[in-house]
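I have placed the structure first, in the form of structure tokens, so that the comments after it can refer back to it.
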Amino acid sequence: MLPAANHLALEELGWASFQDLAIAYAEDLFGAPVISYAKTWDGGVDGEHASFTFQGAKSPWTWAIQAKHTARQQSLTEASLVEEFKKLPALIAEGFDAYLLVTNHGVSRVAVKAIRKRVLAAGFKSCHVHGREHLVRRIRSSPNLRVLAPRVYGIGDLSLILDGRRAEQTQALLEASRADLDRFVATDPYRAAVRALLSDGVVVLLGEPAAGKSTIARALSVASVDAFKAEPYELSGLDQLDGHWLPREPRLFWIDDVFGPTQADYFAADTFNRKLPALIAALAKGNRFVLTSRTYIWRAVQPRLKLSTAPGLSKGIVEVKVEDFSARDRALILANHVKLGDHSRAWKSGFKPLAPAVSRHPRFNPEVARRLGLEAITGELELTAHALERYVDNPDEYLEEVIGGLAPAGQAALALLFMLGGELPVTLPRDEALDVVLDAFPVSAPEIAGELVAMEGAFCVRRVEEGEPVWRFRHPTVGEAFASFTTRSSVLLDVYLRGAPPERILEEVVCAGVAVKGAKIEVGVGHFDRLIARMKAHRWGRLTRLPRWFLIVKATPEFRRRYFTAPLAINHPVLDDGRRLEHQTLALAAVLLPEGLVSPEYLQHLRNRIVKGLTELGLRTCLSTSARELLGAERFDELLQDVLAELRDSGSSYIAYYEPSRDFEGSPTEAFAELIAFVDELAGWVDEDEAAEVLEIVKRRVAQRVGELEEEAEREDDWQREEEYYYASQAGGGREAGSTTRQSPFSFTAAADPLADVFSDLDD
């Protein structure tokens with residue numbers, strides 16, 4: 001056993017994680033990034049860098065960094081480096097000048113002298129050997145090294161590294177995050193996030209579902225106590241900030257899915273804007289922020305955010321793209337999850353030759369790796385190339401099948417967690433949700449509580465929220481998979497209607513008696529009130545198209561009568577007219593009108609907008625049967641004759657309306673495309689010959705105006721147009737046009753696969 005002074009279990013890291021530590025050690029030592037290489041075919045060098053400061057002076061040399069790991073506590077000898085010595089002449093030929101060996105072996109002075117003599121004799125100008133003592137000393141003294149390689153927090157006695165209070169805080173975080181941290185790989189996005197926190201105090205982690213954003217945020221939280229002297233706090237939203245930040249006590253605030261978990265929450269975006277002054281004030285006092293969001297949600301809310309008032313937010317955006325991870329990092333992520341998973345040794349041995357291809361698969365992500373490490377989820381997965389490729393292509397479909405195979409108590413536990421929005425008190429609440437689940441499954445409440453404990457780590461995790469222990473889904477995709485599972489059974493309809501996101505319900509449900517292709521579930525009259533309550537409780541923001549579409553196409557008259565307790569009026573929540581009249585707004589009003597569900601005031605308001613849309617704006621929205629029904633057939637046809645006369649005469653008001661503004665990004669022709677389409681569509685409502693004549697007139701006038709606008713643009717912005725053309729011509733680079741096929745990642749043979757060494761100790 002090592003003495004306390006050296007008690008960091010570096011042997012537990014494995015060679016791949018130790019190589020990461022060695023590269024981080026070199027970066028911290030030299031104060032500059034180091035290029036790292038995979039173990040396979042590395043030519044005797046795990047990393048390199050040229051021209052950086054070493055021992056207080058600028059080094060003119062190109063350094064080769066070599067990591068040497070041992071799984072047993074032993075001393076390094078000259079004989080143990082025989083294979084490395086054979087590679088030295090080739091490294092000299094490549095242009096390396098200096099050699100740094102980083103190892104967790106114990107190193108004696110005699111061994112260092114012998115190794116240095118061999119390296120210098122080969123032609124190197126300098127050689128340094130840094131063993132266990134060097135590593136341990138620097139790990140203790142350098143928070144920067146620890147945050148670059150956060151796995152070191154879990155391999156020793158934290159009280160030897162941190163002071164008492166911080167050691168206790170970090171230990172508590174480690175206990176809650178042990179599985180994630182033990183398997184963590186410090187990828188480029190993680191290092192970019194560290195830099196953003198150091199420079200600006202805030203990082204926004206973007207990525208697709210299951211890309212590993214939350215895992216990076218968790219690693220940053222563990223490191224924050226040490227590296228930033230900031231206690232981590234996980235908030236559900238920025239609106240909680242006022243009650244938790246203190247001017248004299250810096251903290252790191254982590255907000256997962258800050259703008260909504262699966263759909264853009266525009267109210268959360270508005271709250272974010274209101275709380276930005278508090279965020280800026282907290283940053284000024286040394287607080288730090290880690291925010292995560294799915295990329296598509298961020299893009300949806302970004303135009304609403306006042307990012308100019310918080311410049312650090314824009315600079316701190318880090319997108320986690322799994323497809324951009326190095327092949328080695330993807331392989332390490334998979335290797336760590338499977339090696340530390342609970343599969344049998346025989347299963348791991350069978351998986352090992354197929355592992356490189358799995359990590360190389362285009363749809364591979366950290367969540368796929370996590371599930372592959374869990375016997376509860378992938379224990380029955382056939383270990384063949386075909387089965388694994390199918391699994392990685394459709395991991396959520398496979399997860400649904402696994403949920404379907406759980407015991408009733410397991411399904412009931414996930415149902416209860418699902419119904420309560422993904423957060424369930426450990427002491428199960430005796431409420432309506434539990435009653436619904438107990439009616440749907442032949443189980444008891446104690447059985448559900450016991451199954452939650454049994455599923456911890458695979459399907460759910462235990463967290464402490466505001467002092468209370470709660471269960472959460474292990475990953476949001478588990479909840480999404482359970483939602484899909486509930487659609488398979490009418491017995492689970494109450495569970496589905498209570499727990500599924502409203503937008504998903506409206507996409508998948510149809511009222512009984514209404515035929516809509518693609519609808520998965522029929523809802524009868526007995527469940528109308530439940531569905532209506534979910535629809536009205538949701539803050540739709542700009543997703544109002546979805547409830548409108550449901551009311552128009554998928555609802556029965558009885559459902560609409562229950563939904564609209566009073567005739568439709570201006571500013572009803574289901575409406576979102578905006579500046580331009582929506583087609584769905586007219587269609588909904590046309591459906592509700594004969595059912596007596598449109599107020600006279602709103603009907604007149606719509607009629608006025610239809611008249612303006614036809615006679616002044618040329619809106620195709622108003623060329624519809626819905627508009628004709630609302631306005632009346634006779635009045636509608638008269639208006640179209642007035643429109644034809646105006647277009648034949650000059651059409652100047654229409655052309656002026658569609659003329660592009662100076663900040664319009666498209667061409668002038670594109671700006672007038674809607675007007676041309678409007679005139680073209682007139683042919684379906686008026687005399688075809690008249691419409692054709694008017695269309696030609698409008699096309700000539702539009703072409704004339706387009707030419708004038710293009711000449712103006714050439715005179716004023718010629719240089720900018722050339723620059724934009726140049727960049728547009730470059731945008732098609734990269735993948736060959738028309739190339740849609742991809743080579744299967746399983747095309748390598750196991751023996752020849754360049755990533756095979758990463759998985760060499762998978763079943764040890």
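The shown structure was predicted, so the numbers you read here are calculated from the model rather than taken from an experiment.
- In this structure, Asp97 contributes its side chain and Trp61 its backbone to no donor-acceptor pair below 3.5 Å.
- Between Val129 and Arg116, every side-chain heavy-atom pair lies at or beyond the 4.5 Å cut-off.
- Between the CG atom in Leu340 and the CZ atom in Arg183 there is a gap of 5.0 Å [rounded to 0.5 Å].
- Under the 4.5 Å side-chain criterion, counting only non-hydrogen atoms from C-beta, Arg118 is not in contact with Leu81.
- Exactly one of Phe30, Phe96, Phe124 qualifies for a ring-ring contact (aromatic ring centres under 6.0 Å, His included) with Trp63. That residue is Phe30.
- With rounding to the nearest 0.5 Å, the separation of NE2 in His134 from OG1 in Thr103 is 12.0 Å.
- The two residues Leu88 and Val119 have their closest heavy-atom pair at CD1-CA, 3.9 Å.
- The shortest distance between side-chain heavy atoms of Pro366 and Thr215 does not fall below 4.5 Å.
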Query raised in the report: side chain to side chain contact (heavy atoms under 4.5 Å, CB included) between Arg370 and Glu367: does it pass, once the steps are laid out?
Result: CA-CA 5 Å; Arg370 187 189 72 82; Glu367 179 61 16; 2.9 Å; yes
Query raised in the report: Going through the distances and angles, do Phe459 and Leu399 end up as a side chain to side chain contact (heavy atoms under 4.5 Å, CB included)?
Result: CA-CA 10 Å; Phe459 296 94; Leu399 183 58; 4.0 Å; yes
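- Residue pairs meeting the ring pair (Phe, Tyr, Trp, His ring centres under 6.0 Å) criterion with at least one member in residues 316-345, sequence neighbours excluded: His343-Trp347.
- For the residue pair Ala217 and Thr292, the shortest heavy atom distance occurs at CB-CG2, 4.2 Å.
- A donor-acceptor pair is defined here as one N or O able to donate and one able to accept, closer than 3.5 Å; no such pair exists between the side chain of Arg288 and the backbone of Leu252.
- Across Glu78 and Phe85, no two heavy atoms sit closer than the pair O-CE1, 3.5 Å.
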Under 3.5 Å, which donor-acceptor pairs do the side chains of residues 194-209 form with other protein atoms, sequence neighbours left out?
| residue | atom | partner | partner atom | Å |
| --- | --- | --- | --- | --- |
| Ser199 | OG | Arg195 | O | 2.9 |
| Ser199 | OG | Ala196 | O | 3.4 |
| Asp200 | OD1 | Lys315 | NZ | 3.2 |

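- For Arg360 (side chain) and Ala327 (main-chain N/O), no donor-acceptor pair under 3.5 Å exists by modelled atom type.
- The closest donor-acceptor contact from the side chain of Arg474 to the backbone of Ala458 lies at 3.5 Å or more, if one exists at all.
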Requested in this report: Carefully, step by step, assess Tyr391 and His361 under the rule side chain to side chain contact (heavy atoms under 4.5 Å, CB included).
Outcome: CA-CA 11 Å; Tyr391 164 72; His361 194 288; over 6 Å; no
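- Nearest heavy-atom pair across Pro232 and Ser221 is CG-O, 3.6 Å.
- The backbone N or O of Val107 sits nowhere less than 3.5 Å from a side-chain atom of Arg132 that would complete a donor-acceptor pair.
- Classified by interplanar angle (parallel below 30°, tilted 30° to 60°, perpendicular above 60°), the ring pair Phe18/His69 is tilted.
- Asp256 has no carboxylate O lying under 4.0 Å from a charged side-chain N of Arg218, or vice versa, which leaves the two without a salt bridge.
- Residues Phe351 and Leu334 form a side-chain contact, since some pair of their non-hydrogen atoms from C-beta on lies under 4.5 Å apart.
- A donor-acceptor distance shorter than 3.5 angstrom exists from the side chain of Asn104 to the backbone of Thr70, with no hydrogens or angles considered.
- How far CZ of Arg140 is from CZ of Arg146: 10.5 Å, rounded to the nearest 0.5 Å.
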Requested in this report: Check the pair Leu76 / Leu101 against side chain to side chain contact (heavy atoms under 4.5 Å, CB included), numbers first and verdict last.
Outcome: CA-CA 11 Å; Leu76 186 70; Leu101 177 66; 3.8 Å; yes
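- Rounding to the nearest 0.5 angstrom, the gap separating the CG atom in Asn394 from the CD atom in Glu389 is 10.5 Å.
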Requested in this report: Test salt bridge (Lys or Arg N to Asp or Glu O under 4.0 Å) on Arg390 and Asp393 and set out the steps.
Outcome: CA-CA 5 Å; Arg390 179 177 174 272; Asp393 264 328; over 6 Å; no
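- Closest non-hydrogen pair, Arg294 versus Lys213, comes out as N-CE, 4.2 Å.
- The backbone N or O of Glu456 lies less than 3.5 Å from no partner atom in the side chain of Arg462, so there is not a single donor-acceptor pair.
- Side-chain N/O atoms of His475 and Thr477 include a donor and acceptor closer than 3.5 Å.
- Not counting sequence neighbours, His105 has no partner by the ring pair (Phe, Tyr, Trp, His ring centres under 6.0 Å) test.
- Between the CZ atom in Arg251 and the OG atom in Ser224 there is a gap of 11.5 Å [rounded to 0.5 Å].
- Residues Leu381 and Tyr398 approach most closely at N-OH, 3.4 Å, considering heavy atoms.
- Ile333 is not listed as a side-chain neighbour of Ser359, based on a closest heavy-atom distance of 4.5 Å or more.
- Residue Gln74 places its CD atom among more than 12 non-hydrogen atoms of other residues, nucleotides or ligands, all under 6.0 Å distant.
- The OH atom of Tyr190 sits 5.0 Å away from atom CG of Leu220, with the distance rounded to the nearest 0.5 Å.
- By the salt bridge (charged side-chain N to carboxylate O under 4.0 Å, His left out) test, Arg138 pairs with Asp28, sequence neighbours left out.
- By the 4.5 Å heavy-atom criterion applied to side chains, Glu84 and Tyr99 are counted as neighbours.
- Here Thr295 pairs with Glu319 under the side chain to side chain donor-acceptor pair (under 3.5 Å) rule; sequence neighbours left out.
- Applying the ring pair (Phe, Tyr, Trp, His ring centres under 6.0 Å) criterion to Phe759, with sequence neighbours excluded, gives no partner residue.
- Formation of a donor-acceptor pair under 3.5 Å by the Thr378 side chain with backbone atoms of Arg371 is found in this model.
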